[in-house]
Participant: 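The structure is given below, and queries will be raised subsequently.
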There are 2 protein chains.
Amino acid sequence: MATFDVKNIGHLRPAISRGETMPSPCAACSIRHLSLCAALQENEVQEMAAIVTTLEVGAGEPLIDEGQPAVHVFNVTSGAIRVYKLLIDGRRQMTGFLFPGDFLGLANEETYAYSAEAVTASTVCRFPRRKIEALLIKYPRMERRLLGMASHELAAAQEQMLLLGRKNAREKIASFLLMLSRRAEQRGLPADPIFVPMSRNDIGDYLGLTTETVSRTFSDLKSKGAIELLPAGKVRLAQREHLEEVAEGA
Amino acid sequence: MATFDVKNIGHLRPAISRGETMPSPCAACSIRHLSLCAALQENEVQEMAAIVTTLEVGAGEPLIDEGQPAVHVFNVTSGAIRVYKLLIDGRRQMTGFLFPGDFLGLANEETYAYSAEAVTASTVCRFPRRKIEALLIKYPRMERRLLGMASHELAAAQEQMLLLGRKNAREKIASFLLMLSRRAEQRGLPADPIFVPMSRNDIGDYLGLTTETVSRTFSDLKSKGAIELLPAGKVRLAQREHLEEVAEGA
DNA sequence: GTTCGTCGTTGATTTAAATCAATGGCGGGT
DNA sequence: ACCCGCCATTGATTTAAATCAACGACGAAC
């Protein structure tokens, strides 16, 4: 896991001095969306920049281990991160996938309650938790933003509970593809031929299914013309409306 | 749903003027734990008291309907509340059970993303969301507390995802009983013969199971001596350690 | 006191998804 | 160039839980 300090952030400042409010890029990370650092004031930007470190994480490398002291918070800059919890015998439940702009490491306790790894080679911005907490006290606007993010995540978690507890395999896969599409769109990426960077196994562990069931369900949706499987992990949502109906259980 | 304003809160003040910090009772609701109102200053207590309304909700009565404008936040004072989401065809996923001291109604959006009903006859304190938000800006300490609660709930939600996605029926039921026991203990109630106020159907919708599977699994744990089913919805955790092993998937 | 609806339990059967198994493709390492 | 291991896919079989079904207990309503 290569690490280097961010020095040359000057070129990103203009976006803020230009008077942009939200979404504005995080000076340290050049993040636009849903970020802890969005819409900071000039003085706040400087303080954030002073404590940030940028990390490069190779595919499959760990970023956080459940049970370890929660000393850092992270902001994803590029790539994709998987967040998960394990049972003693190794069964794994993904609790989320993170993309550029997403935030990681919010913890109430002294230790992390989950693990995180890079799905593909990724870069993240790392902040010492203690320093972030000091900044939150100093700048309540940042804290409000964090609360907004937490409550957004909570709503997403409840939606995921509905999926895990009550949807069948086809509904799960349809929901998953649409979620990826919406999140890509939010980040200004193409919403239709979507890029699915994670393995069938990762998807299964996110949806409470096995690799085989995920693969079969993809094949099934494809044979019914709802999706097309393109090379390089791309998927076309050929019948988005149909997928939306399926995802909602209609 | 009977409603009346809270006037006589004077008798609760002493706990705060005595200089107690945390957990301290909420002046309006007499709540001790995990409450929005815990550890308030005297002036904050008065402002909270000025905007609170107490509601009585009969068993089965709705408190929140998904999609309705999110105009209030709630604090549970007595009884038990179920929070859930529905699919179009009526499949239901409980996202949580709330007990005295628990907080409800945190929402980022303009509408609620879930529904809530009383399991048993309950009382709740209701606050207008706009006024709460104004208070949060005025008193960042309250906001910090709210953030702590949100991140606690997020951790619980992730734990529940692990349960829903990867645990079998027995592990789910064991986890559920232990959760009820721990939460009862936190509220100063007996942790061993626990009171289970919700129906088998409610439990099933919480754990992603059917009524029948819940019932069979209870019977099975009982026949193996792990639990005892007592009258009036009480359950004895005869082999707590064994239940803990089962819950963790060991 | 009787009836009706809900609840919990148990049994029989079905089924969706898991498991077990085999294959071919692809990419990295030597 | 050649393995080796991982990944995706598909087929055959098993299985945990759902579904369908029946019954008794209980409480509320009339």
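Here is how names work: the chains are called A, B, and so on, in the same order as the sequence lines, proteins then strands, and each is numbered from 1.
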Participant: How would you list, by chain and number, every residue that makes a ring pair (Phe, Tyr, Trp, His ring centres under 6.0 Å) with B/Y84, sequence neighbours excluded?
Facilitator: none
Participant: Take atom CD1 of A/I203 and atom C1' of C/dA17, then tell me their distance rounded to the nearest Å.
Facilitator: 17 Å
Participant: List for me each residue that meets salt bridge (Lys or Arg N to Asp or Glu O under 4.0 Å) alongside B/R183, sequence neighbours excluded, and say none if there are none.
Facilitator: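 Testing B/R183 for salt bridge (Lys or Arg N to Asp or Glu O under 4.0 Å), a comparison that skips the adjacent residues, returns B/D102.
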Participant: I'd like to check the ring pair (Phe, Tyr, Trp, His ring centres under 6.0 Å) partners of A/F74; sequence neighbours left out, ordered by chain and number.
Facilitator: none
Participant: Which of residues 163-177 of chain B have a heavy atom under 4.0 Å from DNA chain D?
Facilitator: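 Within residues 163-177 of chain B, the residues near DNA chain D are B/N168, B/A169.
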Participant: Does A/Y112 have any ring pair (Phe, Tyr, Trp, His ring centres under 6.0 Å) partners at least two apart in sequence or in another chain, and if so, which?
Facilitator: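 A/Y112 satisfies ring pair (Phe, Tyr, Trp, His ring centres under 6.0 Å) with no other residue.
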Participant: Does the side chain of A/K167 pick up a donor-acceptor pair with the side chain of A/S175 at under 3.5 Å?
Facilitator: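 Looking only at side-chain atoms, A/S175 and A/K167 do form a donor-acceptor pair, the distance falling under 3.5 Å.
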Participant: Tell me which residues in residues 207-220 of chain A lie within less than 4.0 Å of DNA chain D, going by non-hydrogen atoms.
Facilitator: A/E212, A/S215, A/R216, A/S219
Participant: Can you give each donor-acceptor pair under 3.5 Å made by side-chain atoms of residues 229-250 of chain A, sequence neighbours left out, with the distance rounded to 0.1 Å?
Facilitator:
residue: A/R236; atom: NH1; partner: A/E228; partner atom: OE2; Å: 2.9
residue: A/R240; atom: NH2; partner: A/S181; partner atom: OG; Å: 2.2

Participant: Write out all pairs satisfying ring-ring contact (aromatic ring centres under 6.0 Å, His included) with one or both partners inside residues 169-192 of chain A, taking only residues at least two apart or from two chains.
Facilitator: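 For residues 169-192 of chain A, and leaving out neighbouring residues, the ring-ring contact (aromatic ring centres under 6.0 Å, His included) pairs sorted by first residue read A/F176-A/Y206.
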Participant: For B/R129, what residues pass the side-chain hydrogen bond (donor to acceptor under 3.5 Å, both in side chains) criterion, not counting sequence neighbours?
Facilitator: B/E133
Participant: Looking only at side chains, do A/S78 and A/T123 share a donor and an acceptor under 3.5 Å apart?
Facilitator: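 Checked: A/S78/A/T123 side chains pair up, N/O donor to acceptor below 3.5 Å.
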Participant: Walk along nucleotides 22-30 of chain C from 5' to 3' and tag each nucleotide B, S or - by protein heavy-atom contact under 4.0 Å, base first, then sugar-phosphate.
Facilitator: ---------
Participant: Once you round it to whole Å, what is the distance between P of C/dA16 and CZ of B/R91?
Facilitator: 12 Å
Participant: Would you confirm whether A/S122, through its side chain, and A/A80, through its main-chain N or O, come within 3.5 Å as a donor-acceptor pair?
Facilitator: yes
Participant: Who pairs with B/Y114 by ring pair (Phe, Tyr, Trp, His ring centres under 6.0 Å), at least two apart in sequence or on another chain?
Facilitator: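 For B/Y114 there are no ring pair (Phe, Tyr, Trp, His ring centres under 6.0 Å) partners, ignoring immediate neighbours.
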Participant: Output one line per pair: protein atom, nucleotide atom from nucleotides 25-30 of chain D, and distance, for all N/O pairs under 3.5 Å.
Facilitator:
none

Participant: So, the side chain of A/E153 versus the backbone of B/L154: is there a donor-acceptor pair under 3.5 Å, distance only?
Facilitator: no
Participant: Kindly compute the distance separating CG (A/L221) from CZ (A/R216), expressed to the nearest 0.5 Å.
Facilitator: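 Output value for this atom pair is 14.0 Å.
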Participant: To the nearest Å, give me how far apart CZ (B/R200) and P (C/dT10) are.
Facilitator: 10 Å
Participant: In whole angstroms, how far is the C1' atom of C/dG8 from the CG atom of B/D202?
Facilitator: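 Interatomic distance, CG of B/D202 to C1' of C/dG8: 13 Å.
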Participant: Can you check the A/N201 CG to C/dA18 C1' distance for me, whole Å?
Facilitator: 14 Å
